[in-house]
Amino acid sequence: MYDAKSEVSKLLSKYTEGLNEQQLYDMLEVPPSPEMGDLALPCFKLSKHLRKPPVQIAESLAASVPKTDFIDKIKAVSGYVNIFLNRAIFIDKLLAEILDTGKVFGSSDEGRGKNIVIDFSSPNIAKPFHIGHLRSTVIGNALYRMFKFMGYNCIGINYLGDWGTQFGKLIVAYKKWGDEDKVRKDLVKELVSLYVRFHEEAESDPALEDEARYWFAQLEKGNEEALALWRWFVDISLEEYAKIYDVLGVKFDLFQGEAFFNDKMEPVVNELKAKGLLVESEGAMIVDLEDEDMPPCLILKSDGSTLYATRDITAAIYRKNTFDFYKCIYVTGVSQSLHFKQVFKVIEKMGYDWHKDLHHVPFGTVSIGGEKLATRTGKVILLEDLLTQAISKTAAIIEEKNPDLPDKEEVARQMGVGAVIFSDLFSNRIKDVAFSWDEILNFDGETGPYVQYTHARACSVLRKAGDVKLNAFDSSLLSSDEEYSLAKTLADFPSKVKQALDELEPSIITRYLVDVAHDFNRFYHVHSILVEDEVLKTSRLALTQAAKTVLRSGLELIGLSAPERV
RNA sequence: GCGCCUGUAGCUCAGUGGAUAGAGCGUUCGACUCCGACUCGAAAGGUCGCAGGUUCAACUCCUGUCAGGCGCACCA
């Protein structure tokens, strides 16, 4: 691919003593404003070695470097060497590449033969899927698609919360007050109300807690009645989650919950013991991490039963053995940061050098009205309700603006869901979010529908143009500020994808898409595309096609659909 | 108490040690006989939490401090 920066650093290296190409490449930066040029070399650092003031260095450099075909102008400005690229050549190479590579523009095969395990979404069985679970789902899904784009083989795992004492409670509640038909009809909603009723009744009747413990113990022992009910609860929940994942367009390669590891933890505990890491403390078995300035990692409760960390360590080892991952990524709330630090450290202490391939990808907390979400207090917004609202709002807009649109329902779903996902992936993931209906259902400005609309508009122009041989474009006709600015933004796509993956930060793509959409809309507004002049029309169509390609790829990377008509 | 994270425009947020700190929303003003106006342009709006320090250069790095969030032993 054409990289103007490396061309420029190659050229400059011939005129700068003691600086090689790579050093220059790293020093080159993009000026704050396009009138200053396309690339700039700050000369302040060179001042010491060359024993000359930066202003002088810049000036002599600007004077000595000859103009080449790909550079239009070199100007020294207060210590910077500002470089203006030849617009036609830049656009020519860029468009040729995008038209040629199409939807694989920006992708690579750097991940060939490498497995990435991504643990995401992971809701708790028999609990409603609320907006708190959305973030893990949507961030994990975006990372999955981004890694895949770079040629990695991804294994998306839904690590369901499908085990624990709450199942004892649920079994008791169902046996006492449950009604099979009701559960079949209302699914998780009914399970939740059984769960809530259990807590209400347990306040006046503490014996219920004992019963729940009894039934969970039965479950762990493999009692058939208990197991059958548990399986049923899991199936009901999965059925309901499947609908949500379907609406969101999210897929998993594996549903492998906590229960899967029940019979796999004992060998790991023994291994910890054998490696001398397990010590007794206050009745429990722990791995001491004081030398790492961390609280201890609890492995076994005083009654001998296992904990969260036990299961996660076991799961990590299992995944390494099964998938031999290049990276294993956990997408969970920031509140679990310490937990993962401890788990990773224990794995390091066990002598596994792949501990460095484990990555926790934390995200900020969702609150509503200043309070944290909580199923028990009813402080939740069900994802189903949110998606329904977003979709019906989009449907209403389509009905008003474009009632003849074919496939209206599907487009409404794509854009409504798109708005929700986009807004979740817009800020840096570490930021806390205060949920607001107004904000999430506002489709103006930097939103998913804005980008989707822009993409559809590009599609519309191309459709209207009919059959045009885009390769016959003439880049010298695309030298206006709007066209050049759009081209430069499009050229950034590959490096943005790379950066987003380096930082495991999908929001880099999300915000980049807004830039592309904005640049395209400005170009579209200032210049007519479907003009009489055939060559000019072809050239602008080629640029439109390039923008469409990047918008579509970017939208798909963050898990949005890119409908051709909206 | 200790640890981690976050403090940038009225609000929501960007911002690789470099030039005049940028978007969107909201406000005000403007642009449709036109390829889709869910669009585009402009104005107003900032002691980058505060105080030191490092540097030719700090929103960015370091130290301290204040405010908020999240953790810190038998929940996950």
Side-chain angles (χ1 to χ4, degrees), chain A residues 26-27 29-33 36 40 42-45 47-48 53-54 77-80 82 122 124 159 161 163-166 258 281-286 293-312 332-339 341-342 362 364-365 367 372 394 397-398 400-402 415 423 426-428 430-434 436 438-439 442-447 449-454 456-465 482 499 507-508 511 514-515 517-518 520-531 537 540-541 544 565-566:
Chain A
D26 294 338
M27 281 174 75
E29 44 191 63
V30 178
S33 133
M36 296 169 162
C43 298
F44 310 98
K45 279 175 193 150
S47 188
K48 261 183 199 154
V77 181
S78 55
Y80 292 89
N82 288 347
S122 310
N124 289 323
Y159 187 54
W163 202 251
T165 45
Q166 74 266 27
E258 297 170 353
S281 167
E282 295 173 33
M285 299 304 281
I286 64 160
D293 287 323
M294 270 188 255
C297 183
L298 280 270
I299 302 294
L300 295 176
K301 298 186 208 171
S302 18
D303 68 2
S305 55
T306 59
L307 284 133
Y308 185 31
T310 326
R311 215 173 291 268
D312 270 359
T332 81
V334 67
S335 61
Q336 294 184 37
S337 291
L338 177 60
H339 163 74
K341 256 176 91 177
Q342 292 176 311
T365 314
S367 66
K372 263 173 72 174
T394 319
I397 295 174
I398 291 173
E400 186 197 333
K401 307 269 182 182
N402 195 1
M415 292 189 83
S423 113
F426 190 72
S427 304
N428 288 346
I430 202 66
K431 299 260 183 177
D432 289 346
V433 292
S436 140
D438 286 349
E439 249 173 73
N442 172 26
F443 298 165
D444 296 328
E446 301 167 322
T447 65
Y450 167 72
V451 177
Q452 285 171 317
Y453 173 77
T454 304
R457 166 183 267 177
C459 290
S460 164
V461 174
L462 289 160
R463 200 163 47 234
K464 205 148 273 183
E482 294 79 21
Q499 191 194 350
S507 66
I508 288 169
R511 279 194 304 270
V514 171
D515 290 343
H518 186 248
F520 177 76
N521 280 323
R522 202 168 37 191
F523 155 67
Y524 174 90
H525 190 257
V526 175
H527 302 282
S528 293
I529 298 167
L530 300 177
V531 291
K537 180 170 89 176
R540 289 186 177 156
L541 280 169
T544 303
R565 301 167 195 257
V566 304

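Letters A, B, ... are given to chains in the order of the sequence lines, protein chains preceding strands, and every chain is numbered from 1. In this text the structure is predicted, and so the values were computed from the model without any measurement.
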Whole Å only: how far is the [atom1] atom of [X] from the [atom2] atom of [N]?
| X | N | atom1 | atom2 | value |
| --- | --- | --- | --- | --- |
| A:Met27 | B:G17 | CE | C1' | 12 Å |
| A:Tyr453 | B:C35 | OH | P | 11 Å |
| A:Leu338 | B:A73 | CG | C1' | 11 Å |
| A:Glu29 | B:U60 | CD | C1' | 13 Å |
| A:Lys45 | B:A57 | NZ | C1' | 10 Å |
| A:Tyr524 | B:U39 | OH | C1' | 8 Å |
| A:Phe443 | B:G26 | CZ | C1' | 19 Å |
| A:Arg522 | B:A23 | CZ | C1' | 12 Å |

Can you check nucleotides 74-76 of chain B for protein contacts, nitrogen or oxygen pairs under 3.5 Å, and list what you find?
from, atom 1, to, atom 2, distance (Å)
B:C74, O2, A:Ser302, N, 2.6
B:C74, O2, A:Ser302, OG, 3.2
B:C74, N3, A:Ser302, OG, 2.9
B:C74, N4, A:Glu282, O, 2.4
B:C75, OP2, A:Lys301, NZ, 3.2
B:A76, OP2, A:Tyr308, N, 3.4
B:A76, O3', A:Glu258, OE1, 2.9
B:A76, O3', A:Glu258, OE2, 2.2

What's the gap between [N] and [M] when it is taken at their [atom1] atoms, as a whole Å value?
| N | M | atom1 | answer |
| --- | --- | --- | --- |
| B:C2 | B:C59 | C1' | 29 Å |
| B:C61 | B:U55 | C1' | 10 Å |
| B:U8 | B:G68 | P | 14 Å |
| B:G53 | B:A58 | P | 12 Å |
| B:U27 | B:G36 | C1' | 28 Å |
| B:G24 | B:A43 | P | 12 Å |
| B:G69 | B:A76 | P | 26 Å |
| B:G17 | B:G30 | P | 43 Å |

Side-chain contact, heavy-atom cut-off 4.5 Å: [X] with [Y]?
| X | Y | value |
| --- | --- | --- |
| A:Thr447 | A:Ser423 | no |
| A:Phe426 | A:Val514 | yes |
| A:Arg540 | A:Val461 | no |
| A:Leu300 | A:Thr306 | yes |
| A:Phe523 | A:Ile529 | yes |

Please answer whether the main-chain N or O of [Y] pairs with a side-chain N or O of [X] as donor and acceptor at a distance below 3.5 Å.
| X | Y | answer |
| --- | --- | --- |
| A:Asn402 | A:Val566 | yes |
| A:Gln342 | A:Pro296 | yes |
| A:Asn82 | A:Ala40 | no |

Watson-Crick or G-U counterpart of [N], or none if no pair lies under 3.5 Å:
| N | answer |
| --- | --- |
| B:U47 | none |
| B:C61 | B:G53 |
| B:A19 | none |
| B:U39 | B:A31 |
| B:C25 | B:G10 |
| B:C72 | B:G1 |

If you find the nucleotide of RNA chain B closest to A:Val30 and the one closest to A:Ala456, which residue's nucleotide is nearer the 5' end?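 So the residue in question is A:Val30.
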
Between A:Ser78 and A:Pro296, who's closer to the 5' end of RNA chain B by nearest nucleotide?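 Closer to the 5' end of RNA chain B: A:Ser78.
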
Base, sugar-phosphate or nothing for [X]? Non-hydrogen atoms, less than 4.0 Å.
| X | result |
| --- | --- |
| A:Ile430 | sugar-phosphate |
| A:Pro31 | base |
| A:Val526 | nothing |
| A:Asp26 | nothing |
| A:Asn428 | sugar-phosphate |
| A:Pro295 | sugar-phosphate |
| A:Ala40 | base |

Hey, what do you get for NE2 (A:His527) to CZ (A:Arg522), rounding to the nearest 0.5 Å?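 Going from the NE2 atom of A:His527 to the CZ atom of A:Arg522 covers 10.0 Å.
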
Examine the base of B:G69 for any acceptor or donor lying under 3.5 Å from a partner atom in the side chain of A:Thr365, and report the outcome as yes or no.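 Between B:G69 and A:Thr365, which were checked side chain against base, a qualifying N/O pair under 3.5 Å is absent.
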
Between the base of B:A19 and the side chain of A:Asn82, is there any donor-acceptor pair under 3.5 Å?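 By the distance-only test, yes, there is a pair.
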
Worked check of side chain to side chain contact (heavy atoms under 4.5 Å, CB included) between A:Tyr524 and A:Thr454: CA-CA 10 Å; A:Tyr524 174 90; A:Thr454 304; over 6 Å; no

Among B:A31, B:A19, B:G36, the one nearest A:Asn402 by side-chain distance: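 For the A:Asn402 side chain, the nearest candidate turns out to be B:G36.
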
N/O (side chain, [X]) to phosphate O (OP1/OP2, [N]) under 4.0 Å:
| X | N | answer |
| --- | --- | --- |
| A:His518 | B:A14 | no |
| A:Asn521 | B:U39 | no |
| A:Arg511 | B:A23 | no |
| A:Ser460 | B:G36 | yes |
| A:Lys401 | B:A37 | no |
| A:Arg457 | B:A37 | yes |
| A:Tyr450 | B:C40 | yes |

Hey, mind stepping through A:Leu541 and A:Leu530 against side chain to side chain contact (heavy atoms under 4.5 Å, CB included) and telling me if it holds? CA-CA 8 Å; A:Leu541 280 169; A:Leu530 300 177; 4.0 Å; yes

Do A:Asp303 and A:Ser305 pair up side chain to side chain, a donor and an acceptor below 3.5 Å, judged on atom types alone?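 A:Asp303 vs A:Ser305: donor-acceptor pair found between side chains.
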
Test side chain to side chain contact (heavy atoms under 4.5 Å, CB included) on A:Arg457 and A:Thr544; report intermediate values, then the result. CA-CA 10 Å; A:Arg457 166 183 267 177; A:Thr544 303; over 6 Å; no

Considering only nitrogen or oxygen atoms on both sides, find all protein atoms under 3.5 Å from nucleotides 7-12 of chain B and state each distance.
from, atom 1, to, atom 2, distance (Å)
B:G7, OP1, A:Lys431, NZ, 3.3

